[in-house]
Amino acid sequence: MTTTRPSRGRRRAPSRIERAAGKAAALQKPRVILAGLLLLALTSVMLLDGYLRAEVGGDQRVRTGAGTSEVPDDILDGGPILTFRGGRATTVSVPDKTIALTFDDGPNPTWTPEILEILEKYDVPATFFLVGSMVSRYPDIVKDMVAQGNEVGIHTFTHIDLSYQSDARVDREMEQTQLALAGAAGITTTLFRAPYSSKTDAIDNYSWPVYQRLGEDGYTSVFVDTDSDDWKRPGVSNIIKWATPEDGKGASVLFHDAGGERSQTIAALPTYIEKMKAAGYTFTTISGVTQAQDAAARETSGQQAGTLPGGETGGAGADSADGGDGVDGVDGGADGRLQAAHREATGLTLYEGKALVAAVTVAEWTVPTLSVGLAVVGVAVMGRFGMMLILARRHHRKRNRGRFSWGPDVTRPVSVIVPAYNEKECIANTLASLARSTHPIEIIIVDDGSTDGTSEISREAAEALGMTNVRVIRQENAGKPAALNNGVRNASWDIVVMMDGDTVFEPDTVRRLVQPFADPKVGAVAGNAKVGNRDTIIGAWQHIEYVMGFNLDRRMYDLLRCMPTIPGAIGAFRRDAVLEVGGMSEDTLAEDTDITIAMHRAGWNVVYQEHARAWTEAPGSLRQLWSQRYRWSYGTMQALWKHRKSLTDKGPSGRFGRVGMPLVVLFQIVTPVFAPLIDVFTAYSMIFIDFKAALLAWLAVLCVQLVCAAYAFRLDGEKYRYLLMMPLQQLAYRQMMYLVLIHSCVTALTGGRLRWQKLKRTGEVGTPAGVS
């Protein structure tokens with residue numbers, strides 16, 4: 001055993017890699033924050049979209065049977081318009097031969113514009129009670145509605161029965177709808193109609209306090225005294241019949257422009273308007289009714305001091321000018337530009353409204369776009385599973401049939417290179433495993449500036465094991481690629497095996513690993529890396545990932561002749577081939593992926609040897625796991641970008657560029673980024689769409705993954721009990737990998753480098769025989 005030490009001299013200046021690493025370390029926290037903000041923004045957009053898409057149901061109460069003892073009798077027997085002028089509850093009836101035409105549940109992009117066209121054609125105004133979420137989604141329709149001279153009122157934001165909601169929820173429903181109206185049409189309104197309401201005689205002890213509270217805030221509550229029941233789709237003739245008042249009486253008539261299929265309403269409306277006009281009826285808005293009553297009252301009493309709704313004596317809308325309760329105090333009815341119930345939105349209310357509409361616009365585009373993208377990703381994921389199963393089975397049958405051979409047995413010695421940085425916990429176990437090798441080897445331990453006595457421990461372990469084939473080379477800390485290159489330069493044999501300092505080999509690992517070199521076209525061989533510390537939750541998750549996500553993939557890539565990565569824990573190379581491509585590059589964080597792609601581009605075959613197994617210690621904590629996977633994913637992106645010219649190359653390089661590179665991008669970057677969003681959309685669907693259907697779909701995908709994982713475990717001879725951890729892995733582990741990839745993508749966009757990161761090791765992976 002020999003030891004090489006660096007020459008003494010002045011303390012060296014920081015290397016380019018160390019300077020870049022320091023700069024990158026300073027940038028990591030902002031990148032993590034940015035990645036978190038991106039995730040938060042996406043989650044917020046999805047929640048907003050789900051909230052906006054709360055379904056508008058049929059016109060029926062959530063609960064019935066409440067008493068009316070607290071409701072004044074004159075209100076129960078009164079007209080359909082309820083005001084609280086001067087703090088006193090009063091009702092207003094529609095004058096005879098007058099119709100206040102009202103529509104609920106809109107706007108709807110299909111039916112509302114058609115209704116507006118009919119109203120404009122017949123010069124008929126109407127009052128639309130709008131759902132705030134729909135206003136946010138279709139602001140242009142509301143803008144046209146108001147510009148046409150129609151009146152709008154609030155129908156809550158999510159079409160919820162306010163009778164059984166807290167005061168805070170009531171305020172939120174009203175304020176959000178006011179903001180939506182401000183953003184869409186630049187107005188707020190003093191009119192309100194409660195979802196699931198009907199005539200005033202239906203007011204009960206649950207709903208009365210709500211109307212009182214809203215009346216104190218300046219709202220006029222509007223009810224119905226003639227209902228077309230068009231939402232039942234009873235036929236055009238019945239709609240017209242039911243919407244016609246009796247004996248020439250006036251009426252607040254209810255139609256719907258949304259909430260379902262409204263073709264019968266569209267068909268009935270022109271005939272209804274013509275019939276009512278022929279009978280001598282006039283059409284007006286709710287404000288028109290209240291204004292007519294005020295005018296009649298002034299004429300009768302001879303007083304000229306009356307005020308319109310929204311005036312300073314306590315009419316609807318007499319609220320503070322800051323709109324704190326959702327109703328602006330700006331009087332917009334006197335100048336004729338606005339309906340009497342409308343208030344011009346100004347100041348903070350206007351800007352908040354525009355912000356709400358803008359956010360909804362983003363949600364309206366983002367969620368459907370993501371849905372389409374996820375559908376594509378879902379097809380790709382399922383296609384990948386199918387491809388892996390078919391190709392993995394073919395690979396297994398091809399390599400394990402009795403007559404398969406790489407060629408004459410490779411029996412000549414090989415060099416095993418072990419780069420080590422502070423590996424005192426593991427290096428003795430690594431040497432002990434190599435001491436039992438059934439293939440002749442020399443061992444080169446490259447100590448990359450360790451400060452924990454790794455070199456001394458290596459020498460002592462080699463002496464204790466009686467090993468004379470061990471060389472320890474010490475170098476100043478320069479990173480893993482430099483350590484491997486140093487080992488390659490000092491190797492005595494034409495085949496070099498590379499392994500990590502925390503890895504242990506089985507006795508026949510090296511012999512099996514080098515047999516493919518009997519084929520002169522093979523330049524590199526990937527071994528089968530196994531997780532040794534799999535008895536923890538994190539270890540079990542990684543064990544599943546290694547067996548299914550890595551080794552099953554490698555079988556597929558092997559048959560397609562586009563293996564993207566030889567694992568750092570176990571790989572073998574022709575020494576001349578490594579030197580031909582320039583050795584291990586320091587350009588990327590994933591030197592193993594980088595050199596594998598370089599070998600392809602140089603025309604060498606890279607194969608997978610499933611029977612050459614190495615046992616490695618996977619990260620034992622989430623923080624260490626994050627650090628490792630961040631380096632892997634970012635390094636893979638760097639390597640792909642570095643070798644992007646292979647897309648247009650000819651020969652072996654072009655084959656990898658046009659076959660291997662798209663598969664790596666799709667399966668190792670794109671689908672891992674979007675696959676966890678399937679879980680997010682599942683939760684979204686459970687909350688906002690159909691719980692049972694969404695859950696069954698998620699379980700179906702999980703079953704497909706379990707089938708693939710079970711087959712992978714069968715091929716590797718692993719115990720199935722670890723698959724019990726797979727459902728939890730899908731809920732927790734995969735989300736972490738998603739965040740890691742987001743972090744990597746942000747780093748790739750902003751630039752930066754990382755040093756060879758050292759994970760904390762425990763040395764718990766001992767001899768292979770002790771691993772179950």
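Counting from 1, the numbers follow the sequence of the chain as shown.
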dist Met276:CE -> Ile99:CD1 (nearest 0.5 Å) comes out at 5.0 Å
Can you tell if the side chain of Asp257 reaches within under 4.5 Å of the side chain of Thr265, non-hydrogen atoms only? no
Give the minimum heavy-atom separation between Ile266 and Ile115, together with the two atoms involved. CD1-CG1, 3.3 Å
Test item: Pro80 and Val224 side chains (from C-beta on) under 4.5 Å apart, heavy atoms: no
Set out, in order, the CA-CA distance, both residues' side-chain angles and the distance that settles side-chain contact (heavy atoms from CB on, under 4.5 Å) for Val357 and Lys354, then state yes or no. CA-CA 5 Å; Val357 171; Lys354 290 184 178 296; 5.8 Å; no
Check salt bridge (Lys or Arg N to Asp or Glu O under 4.0 Å) between Arg233 and all other residues, then give those that pass, not counting sequence neighbours. Glu261
Is the Trp208 ring parallel, tilted or perpendicular to the Phe84 ring (thresholds 30°, 60°)? tilted
Please name the residue in the list Thr200, Asp201, Thr91 that meets the side chain to side chain contact (heavy atoms under 4.5 Å, CB included) test with Phe223. Thr200
Cut-off 3.5 Å, side chains only: do Thr158 and Arg169 have a donor facing an acceptor? yes
Might you point out which heavy atoms bring Leu181 and Val135 nearest each other, and give the distance in Å? N-CG1, 4.0 Å
Taking Arg262 for its side chain and Ala258 for its backbone only, find out whether a donor-acceptor pair lies under 3.5 Å. yes
Can you establish whether the number of heavy atoms outside Tyr122 located under 6.0 Å from its atom OH is more than 12? yes
Please tell me if the side chains of Thr349 and Arg343 come closer than 4.5 Å, counting only heavy atoms from C-beta onward. no
Write down the atom of Ala185, the atom of Val146, and the distance for their closest heavy-atom approach. CB-CG2, 4.0 Å
Test side-chain contact (heavy atoms from CB on, under 4.5 Å) on Leu76 and Asp73; report intermediate values, then the result. CA-CA 5 Å; Leu76 293 172; Asp73 291 339; 4.3 Å; yes
Atom of Thr190, atom of Gly218 and distance for their closest heavy-atom approach: CB-O, 3.8 Å
So, Tyr281 side chain and Lys249 main chain: donor-acceptor pair closer than 3.5 Å or not? yes
For the pair Ser287 (side chain) and Ala341 (backbone), establish whether a donor and an acceptor sit closer than 3.5 Å, ignoring hydrogens and angles. yes
For a quick test of reading the model, state the closest non-hydrogen atom pair linking Leu101 to Pro125 and the distance between them. CB-O, 4.3 Å
Can you measure from CG (Asp104) to OH (Tyr196) and round to the nearest 0.5 angstrom? 11.5 Å
Are Asp123 and Lys277 close enough for a salt bridge, meaning some N to O gap below 4.0 Å? no
Heavy-atom closest pair, residues Gly106 and Met134: O-CB, 3.8 Å
Residues that Asp96 engages under salt bridge (Lys or Arg N to Asp or Glu O under 4.0 Å), provided they are two or more places apart: none
Exam field: side chain Asp225 to backbone Ala251, donor-acceptor pair closer than 3.5 Å: no
Using a 3.5 Å cut-off and no angle test, enumerate the donor-acceptor pairs between side-chain atoms of residues 238-245 and protein atoms at least two apart in sequence or in another chain.
{"from": "Asn238", "atom 1": "ND2", "to": "Pro234", "atom 2": "O", "distance (Å)": "3.2"}
{"from": "Thr244", "atom 1": "OG1", "to": "Ile240", "atom 2": "O", "distance (Å)": "2.7"}
{"from": "Thr244", "atom 1": "OG1", "to": "Lys275", "atom 2": "NZ", "distance (Å)": "3.4"}

Quick check: do Val289 and Pro95 have side-chain heavy atoms less than 4.5 Å from each other? yes
Out of curiosity, Glu117 CD to Leu269 CG, how far, rounded to the nearest 0.5 Å? 12.0 Å
Apply salt bridge (Lys or Arg N to Asp or Glu O under 4.0 Å) to residues Asp171 and Arg213 and explain how you reach the verdict. CA-CA 10 Å; Asp171 289 342; Arg213 187 167 183 272; 2.7 Å; yes
Donor-acceptor contact present, side-chain Ser133 to main-chain Phe157, <3.5 Å: yes
Apply the test side-chain contact (heavy atoms from CB on, under 4.5 Å) to residues Ile81 and Ser252: give CA-CA distance (whole Å), side-chain angles for both, the deciding distance (0.1 Å), then the verdict. CA-CA 9 Å; Ile81 303 173; Ser252 170; 5.9 Å; no
Just how far is it from atom CZ of Phe128 to atom CD of Glu151, taken to the nearest 0.5 Å? 11.0 Å
Nearest 0.5 angstrom please: Leu119 CG to Lys121 NZ, how far? 12.0 Å
Side chain Gln148, main chain Leu116, donor-acceptor under 3.5 Å: yes
With heavy-atom distances below 4.5 Å as the criterion, would you say the side chains of Phe129 and Ser197 are in contact? no
CG (Leu130) and OH (Tyr138) are apart, to the nearest 0.5 Å, by 13.5 Å
Is Asp230 close to Gln264 at the side-chain level, that is, under 4.5 Å between some pair of heavy atoms? no
Under 4.5 Å between any side-chain heavy atoms of Leu356 and Ser136, yes or no? yes
Do Asp161 side-chain atoms and Ser163 backbone N/O form a donor-acceptor pair below 3.5 Å? yes
Donor-acceptor pair, distance only, cut-off 3.5 Å: does the side chain of Thr189 make one with the backbone of Val152? yes
Hey, mind stepping through Asn108 and Thr112 against side-chain contact (heavy atoms from CB on, under 4.5 Å) and telling me if it holds? CA-CA 5 Å; Asn108 177 276; Thr112 305; 3.8 Å; yes
Within the side chain of His155, is there an N or O that forms a donor-acceptor pair under 3.5 Å with the backbone of Arg193? yes
Are the side chains of Val236 and Thr271 in touch, meaning some heavy atoms are under 4.5 Å apart? no
Using the benzene-type ring in the case of Trp, are the ring centres of Tyr272 and Phe255 under 6.0 Å apart? yes
